[in-house]
Amino acid sequence: MIEKLQHFDRRWIFLILFLAICGSIMHPVSLSVPIEPYVQRSYDTINALKPGDHVLMAFDYGPSTAAEIHPAALAMLRHALSRGAKVIMFTLWNEAVPYIQEAINEVCVPLGKKTNVDYVNFGFKSGGTTGASVIEGMGSNLKAVFPITDDGTPYDGVPALQGVENLKDFKVLISISAGTPGIDEYVRYANARYKIPIVAAVTRVSAPKEFPYVTERQIYGLCAGLVGGAEYEELIKYPGAGTAGLFPLSVANLAIILFIVFGNLIYFLGRIGSRKP
């Protein structure tokens, strides 16, 4: 029996994992999640916004990471708009353009917010490998970097941009980042030079390297992965994709752990059996 299990067809593992995830999606269970201090600090920073404050929001991610960090983007956008802030959106990733529009459709429109009045979409702007040219350009003259909005409206014709000349006119920068260019570049070129407060949402795997920035207050708050998005949804009392994804994620992780334990058990039983005369 042990020998047969050692040659267990791995395709059954993939099938069992697939069925477990499908079952958890079709029969969801609501899970409560404790709020991490870094997520709480993100919430507190955005919650301190006053009506009319300007927020810069960078959507720097693509399809491979959207399922993990897009929920945090929606939650933070909803929170900022609910505080009466004017949110200026853009991206240094051409892949992120659809996600900005999706955020507008899912958050701005249902809240009754008006384009170029309550929020602005500048769309995609190429800034090279690091995005430094765009970020540094925004630090001196936002209009020179984005002369028109994504819908073709001239900068001077946008009510939401009145009184905004450069990064110093923003109360906070929200960075939804999955790589380069992303949060590291905003810390180096926006926070270090122009002292703009930053809150961020990043993938779970990249979060550990960002924690030193949080400790040094170069990043005020941080949401890590899908769980971070779910925590932020919990804080704003608006469950979304992050909350919905917690149970399938937990089931998948549990199944993987059980397979690892099972595989190691079979391995050691096989070793013990092979030593018997």
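Values in this document were obtained by computation on a predicted structure and should not be read as measured data.
Cluster annotation: V109 and M57 are assigned to the same hydrophobic cluster (Ile/Leu/Val/Met/Phe/Trp/Tyr, side-chain heavy-atom contacts under 4.5 Å, transitive). The hydrophobic cluster containing I100 does not contain F90, counting ILVMFWY residues as joined when their side-chain heavy atoms lie under 4.5 angstrom apart, directly or transitively. Clustering ILVMFWY residues whenever any of their side-chain heavy atoms sit less than 4.5 angstrom apart, transitively, puts V158 in a cluster other than the one holding V117. L254 and I25 sit in two unconnected hydrophobic clusters of ILVMFWY residues. Membership requires side-chain heavy atoms under 4.5 Å apart, directly or through other members. If you chain together hydrophobic residues whose side chains sit under 4.5 Å apart, I236 and V39 fall into the same group.
Residues I148 and P154 share a closest heavy-atom pair of CG2-CA, 4.0 Å. Minimum heavy-atom separation, L173 to A190: CD2-CB, 4.3 Å. Nearest heavy-atom pair, G157 versus P159, reported as atom, atom and distance to 0.1 Å: O-CD, 3.4 Å. Between K195 and A192, the shortest heavy-atom contact is NZ-O, 3.2 Å. Minimum interatomic distance between S42 and G221 (heavy atoms only, all atoms of both residues): OG-C, 2.9 Å. The nearest pair of heavy atoms linking P181 to G131 is CB-N, 3.9 Å.
Looking at heavy atoms from C-beta onward, Y155 lies in side-chain contact with V164 at the 4.5 angstrom threshold. The side-chain heavy atoms of L226 and P71, taken from C-beta on, include a pair separated by under 4.5 Å. No side-chain heavy atom of V55 sits less than 4.5 Å from a side-chain heavy atom of K86. Residues V134 and L92 are in side-chain contact: their nearest non-hydrogen atoms beyond the backbone lie under 4.5 Å apart. The side-chain heavy atoms of V172 and L49, taken from C-beta on, include a pair separated by under 4.5 Å. Two residues are said to be in side-chain contact when any heavy atoms from C-beta on lie closer than 4.5 Å; L161 and V120 meet this criterion. In this structure the side chain of L167 reaches within 4.5 angstrom of the side chain of L56, judged on heavy atoms. Here the side chains of I198 and I183 are in contact, with some heavy-atom distance below 4.5 Å.
Of the possible polar contacts, none joining the E95 side chain to the P63 backbone as a donor-acceptor pair under 3.5 Å is found. For the pair T91 (side chain) and F59 (backbone), a donor-acceptor distance under 3.5 Å is present. With D169 contributing its side chain and N166 its backbone, the two residues share a donor-acceptor pair below 3.5 Å. With hydrogens and angles disregarded, a donor-acceptor distance shorter than 3.5 Å links the side chain of R204 to the backbone of A224. Under a 3.5 Å cut-off, the side chain of N191 and the backbone N or O of I196 do form a donor-acceptor pair. Side-chain atoms of N264 come within 3.5 Å of backbone atoms of I260 as a donor-acceptor pair (strictly under, hydrogens ignored). A donor-acceptor contact shorter than 3.5 Å is absent between the side chain of T65 and the backbone of Y61. Of the possible polar contacts, one joining the T149 side chain to the T153 backbone as a donor-acceptor pair under 3.5 Å is found. At distances below 3.5 Å, not a single donor-acceptor pair connects side-chain atoms of S177 with backbone N or O atoms of G182. Using modelled atom types, no side-chain atom of D53 and backbone atom of K171 make a donor-acceptor pair closer than 3.5 Å.
Here the straight-line distance linking atom CE of M76 with atom SG of C223 works out to 3.5 Å at 0.5 Å rounding. A distance of 10.0 Å separates OG1 in T129 from CD in E185, rounded to the nearest 0.5 Å. Rounding to the nearest 0.5 Å gives a distance of 4.0 Å between CG of L235 and CD1 of I35. For the atom pair I16 CD1 and I21 CD1, the distance stands at 12.5 Å (nearest 0.5 Å). Note that CD1 of I69 and CG of L74 are 11.0 Å apart. Values are rounded to the nearest 0.5 Å. The distance from atom OG of S82 to atom CG of N47, rounded to the nearest 0.5 Å, is 7.5 Å.
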Run the side chain to side chain contact (heavy atoms under 4.5 Å, CB included) check on M89 and L77 step by step: do they pass? CA-CA 10 Å; M89 296 175 276; L77 175 61; 4.3 Å; yes
Worked check of side chain to side chain contact (heavy atoms under 4.5 Å, CB included) between H70 and E102: CA-CA 10 Å; H70 190 59; E102 183 177 317; 3.2 Å; yes
For Y232 and H79: C-alpha separation, side-chain torsions, deciding distance, then whether ring pair (Phe, Tyr, Trp, His ring centres under 6.0 Å) applies. CA-CA 9 Å; Y232 206 97; H79 190 195; 5.8 Å; yes
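Within the structure, side-chain hydrogen bond (donor to acceptor under 3.5 Å, both in side chains) contacts touching residues 8-20 (residues at least two apart or in different chains) are D9-R11. Under the salt bridge (Lys or Arg N to Asp or Glu O under 4.0 Å) criterion, the residue pairs touching residues 130-156 are E136-R193, K143-D156, with sequence neighbours excluded. For residues 183-212, the pairs satisfying ring pair (Phe, Tyr, Trp, His ring centres under 6.0 Å) are Y38-F211, with sequence neighbours left out. Residues in residues 207-222 take part in these side-chain hydrogen bond (donor to acceptor under 3.5 Å, both in side chains) pairs, two or more places apart or across chains: D184-K209. Pairs of residues two or more places apart, or lying in two chains, that qualify as ring pair (Phe, Tyr, Trp, His ring centres under 6.0 Å) and include a residue from residues 100-133 are F122-F146.
E68 pairs with exactly one of V205, V227, T203, L249 by the side-chain contact (heavy atoms from CB on, under 4.5 Å) rule, that one being T203.
Partners of E233 under the side-chain hydrogen bond (donor to acceptor under 3.5 Å, both in side chains) rule, at least two apart in sequence or in another chain, are T243.
The environment of Y238 atom OH is sparse: at most 12 non-hydrogen atoms of other residues, nucleotides or ligands sit within 6.0 angstrom.
Classified by interplanar angle (parallel below 30°, tilted 30° to 60°, perpendicular above 60°), the ring pair F170/H54 is perpendicular.
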